[in-house]
Protein chains: 2
Amino acid sequence: MSVATVSRVINERGYVSEKTGLKVQEAINILHYTPNQAAQSLTTSSTKLIGLLVPDINNPVFLRTIEGINDYLKEKGYILMYAESGEDDEEMSNMVRRFLSNRVDGMILCSRDFTQFGDMDAIIEPALKNNVHVVLNGYVDSKFEIDRVGFDNVRGAYLATEHLLKMGHSSIALIAGTDSTISEERYRGYREAHIDNHVSLNPALVVKGDFRQHSGYEAMLKILQMNPRPTAVFAMNDVMAIGAMMALEDHKVSVPDEIAVAGFDDIIWCSLIRPRLTSVVQPKYEIGKKLAEFLLSRMNESYSGPGRHEIFGSRLAVRQSTVKSEQQ
Amino acid sequence: MSVATVSRVINERGYVSEKTGLKVQEAINILHYTPNQAAQSLTTSSTKLIGLLVPDINNPVFLRTIEGINDYLKEKGYILMYAESGEDDEEMSNMVRRFLSNRVDGMILCSRDFTQFGDMDAIIEPALKNNVHVVLNGYVDSKFEIDRVGFDNVRGAYLATEHLLKMGHSSIALIAGTDSTISEERYRGYREAHIDNHVSLNPALVVKGDFRQHSGYEAMLKILQMNPRPTAVFAMNDVMAIGAMMALEDHKVSVPDEIAVAGFDDIIWCSLIRPRLTSVVQPKYEIGKKLAEFLLSRMNESYSGPGRHEIFGSRLAVRQSTVKSEQQ
DNA sequence: TTGAAAGCGTTACCAG
DNA sequence: CTGGTAACGCTTTCAA
């Protein structure tokens, strides 16, 4: 019973007599033997580990995506190394290195927005140089050929804005996010909807937030002081929209009767708050699956062409926050 | 410039002349060299990897706990291998093996309730036999000396029930969870509060759910048909409580005026729904930290005594769902 | 201060 | 069908 034989039994590879196989199995059970992946990976150069970097698990946006990734990967025998990056350049870089050190077979990087990083390429480069594939969830300009999966932000924002316009609002405040491609694109949707519907755009109606709930609250306070007061608000993401709704609640402004509110992302919270929040639906789970799929196809070399860029389409989930009761 | 020298430079161990050190650094940069953790672990027998098994990331209860774990561990240079177990015996066992295979330095197992597993010991045993430490978040009877951190369920349920009783309710329906220690303990709290407050217990008021939102909804439907109808409901967790509130909303029963509702866990959703949900606060983040702390202390052998069992105390967050407006 | 070599647990290859 | 052995990339010990 040599090590070679044991290896054969475990990997079910090569010829092993039934008798020997049984004997080995027995020994394994008695000794609680578990193969050492580290040693395995030393010879096979595959760890079946995938690095996953997420800015913040507490943001429900990422949860479904993680699930999509996990479901796809688990089925194929991969396991996730999870790390939180906190949207910090340095931190991200460190984690990428850490992943490399652990010899992940590939990595998935999620970010609210990659463009805010001075030099995303510098972060990814070490991975690429080590022949570790990277896929991105987000928006980047990169000189490398990497796959990314994103979402049609322009269209999403367009749909939400158009919906508000169609509901009769002509003065729609916009709670924007931090300067980033996402914000730009969502702004463009907002803008184009106005143009297409022949409603003039008023820059004074744009209030800047930072994608976090509190900033939505603050922004709403400013909007409430506008004169004339807008009759609708579109927030660039749901948590800001929810912050805004809380401000409205605190000031006893009724939604949607006095002010209609729409958000973006369709996080689970939308259906919990009252009135339910109208929001742009991102197929988060599918995005996760696609990310995993892209990555695996790179890893097993079933694809090796130029960087792919899958953009998922949009849909608006219309709920109570934008539909007055008499219109229902 | 031998491998030995490079090793010294990287680990900042042993004597290396400044000149050589610089030369090595330079080469590292040029080559994008990253140490191979797998190989390192082969000689050091430490991977700095911690396995984390969670039933379901989508349940907000676990999120904060994961964060607590992550924060504590990251600081000490550990990284998480994350896996979802789905509360399934077989699945759990597999993941434990997978972790072992990856030679995690330790593992943290979370479960809504371990007692539902026929043989939790069988699941943990392989880890223990391989000298990999395990800590548990949950409730287990185990013949092994493992650390666990839990929560004072009896007290928590007691506080919630007592609060409802003090608010004048004498007929409090209970939406229970699946048969498990957690359910038992929360039931005990419910029961003891009744006894201490000299209110007789009515078994007919207990409706069984399964800890999931939908079951809370269904349970509430049954409660609404009771005659006389209870004036308050205590659900054994928040998602069931929220399901119950949705049923009440659908049937136009006002909360808390017609029926008061209290939950357990204090997930973030409690503050999002209206009326805000009164709930028993679990220090989820601290639980996570404690788990990590227990594990590390075992790993570095600063502790090696009998299994510790840390039970976190309870607090009730009283919100609108149990306090009538005139009482505020 | 540096290098050579053994050893960690596996797999792959070659001989028997 | 089975066993021996080189090789994987690293750390550690010992010698130079």
Side-chain angles (χ1 to χ4, degrees), chain A residues 1-49 51 77-79 81 97-105 126-127 129-132 300, chain B residues 1-49 51 77 79 81 97-105 126-127 129-132 299-300:
Chain A
M1 235 166 52
S2 67
V3 285
T5 308
V6 175
S7 176
R8 279 185 212 108
V9 173
I10 288 171
N11 299 297
E12 294 168 336
R13 214 194 316 272
Y15 298 98
V16 181
S17 75
E18 202 167 321
K19 211 178 77 191
T20 321
L22 254 36
K23 231 159 67 183
V24 172
Q25 279 299 352
E26 198 187 320
I28 287 177
N29 292 333
I30 293 174
L31 302 171
H32 287 279
Y33 168 82
T34 320
N36 186 331
Q37 253 276 326
Q40 283 178 348
S41 80
L42 215 49
T43 64
T44 60
S45 59
S46 158
T47 53
K48 289 287 191 174
L49 244 37
Y78 289 88
I79 191 166
M81 278 187 61
R97 275 171 196 293
R98 190 64 210 279
F99 284 157
L100 289 177
S101 206
N102 282 290
R103 289 297 187 274
V104 295
D105 288 348
K129 290 286 183 208
N130 283 285
N131 289 314
V132 173
N300 65 212
Chain B
M1 238 168 49
S2 68
V3 287
T5 309
V6 175
S7 176
R8 281 187 208 107
V9 174
I10 288 172
N11 299 299
E12 294 167 337
R13 215 194 315 273
Y15 297 98
V16 181
S17 76
E18 202 167 323
K19 211 177 74 188
T20 320
L22 255 35
K23 231 160 62 184
V24 172
Q25 279 300 351
E26 198 188 320
I28 287 177
N29 292 332
I30 293 173
L31 301 171
H32 287 277
Y33 169 80
T34 320
N36 185 330
Q37 254 275 331
Q40 282 178 349
S41 81
L42 217 47
T43 67
T44 61
S45 59
S46 157
T47 53
K48 290 286 190 176
L49 245 37
I79 191 167
M81 278 186 60
R97 274 170 198 292
R98 189 65 210 278
F99 284 156
L100 289 178
S101 205
N102 282 288
R103 289 298 187 273
V104 295
D105 288 348
K129 290 286 181 206
N130 282 284
N131 288 313
V132 173
M299 281 164 36
N300 65 212

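Since we're looking at a predicted model, the values are computed, not measured. Order of the sequence lines sets the chain letters (A, B, ...), proteins ahead of strands, with each chain counted from 1.
For the salt bridge (charged side-chain N to carboxylate O under 4.0 Å, His left out) test, residues two or more places apart in sequence or in another chain that qualify with A:Lys129 are A:Glu125. For A:Thr47, the side-chain contact (heavy atoms from CB on, under 4.5 Å) partners are A:Gln37, A:Ser41, A:Leu49, A:Arg103, A:Asp105, not counting sequence neighbours. Partners of A:Asn300 under the side-chain contact (heavy atoms from CB on, under 4.5 Å) rule, at least two apart in sequence or in another chain, are A:Ser302. Residues meeting the side-chain contact (heavy atoms from CB on, under 4.5 Å) test with A:Thr43, sequence neighbours left out: none. Residues forming a side-chain contact (heavy atoms from CB on, under 4.5 Å) with A:Ile10 (at least two apart in sequence, or on another chain): A:Val6, A:Ile28, A:Tyr33, A:Pro35.
The separation between A:Asn11 atom CG and C:dT10 atom C1' is 9 Å, rounded to whole Å.
In this structure, CD in B:Gln40 is found 9.0 Å from CG in A:Asn102, a value given to the nearest 0.5 Å.
Taking the 5' to 3' direction, DNA chain D first and last meets chain B under 4.0 angstrom from a heavy atom at D:dG9 to D:dT13.
When side chains are defined from C-beta on, B:Pro126 does not count as touching A:Thr34, because their heavy atoms never get closer than 4.5 Å.
Residues from residues 36-49 of chain B that place a heavy atom under 4.0 Å from any atom of DNA chain C, listed by number: B:Leu42, B:Thr43. Residues from residues 26-35 of chain A with heavy atoms under 4.0 angstrom of DNA chain C, sorted by number: A:Tyr33, A:Thr34, A:Pro35.
Side chain of A:Asn130 to backbone of A:Val132: no donor-acceptor contact under 3.5 angstrom is found.
Residue pairs meeting the side chain to side chain donor-acceptor pair (under 3.5 Å) criterion with at least one partner in residues 18-28 of chain A, sequence neighbours excluded, are A:Ser17-A:Thr20.
Summary of the strand contacts: B:Ala4 and A:Thr20 both lie near DNA chain D, and taking for each the nucleotide with the nearest heavy atom, the more 5' one is attributed to A:Thr20.
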Protein-nucleotides 14-16 of chain C N/O pairs closer than 3.5 Å?
none

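Summarising the geometry of B:Arg98 relative to A:Tyr78, their closest heavy-atom pair is NH1-C, 4.0 Å, with the distance given to 0.1 Å. B:Ala39 approaches A:Leu42 most closely through the heavy-atom pair CB-CD1, 3.6 Å.
A:Val6 comes within 4.0 angstrom of nothing in the nucleic acid, heavy atoms only.
Just one residue in the list B:Val24, B:Val16, B:Val3 forms a side chain to side chain contact (heavy atoms under 4.5 Å, CB included) with B:Arg8, and that residue is B:Val16.
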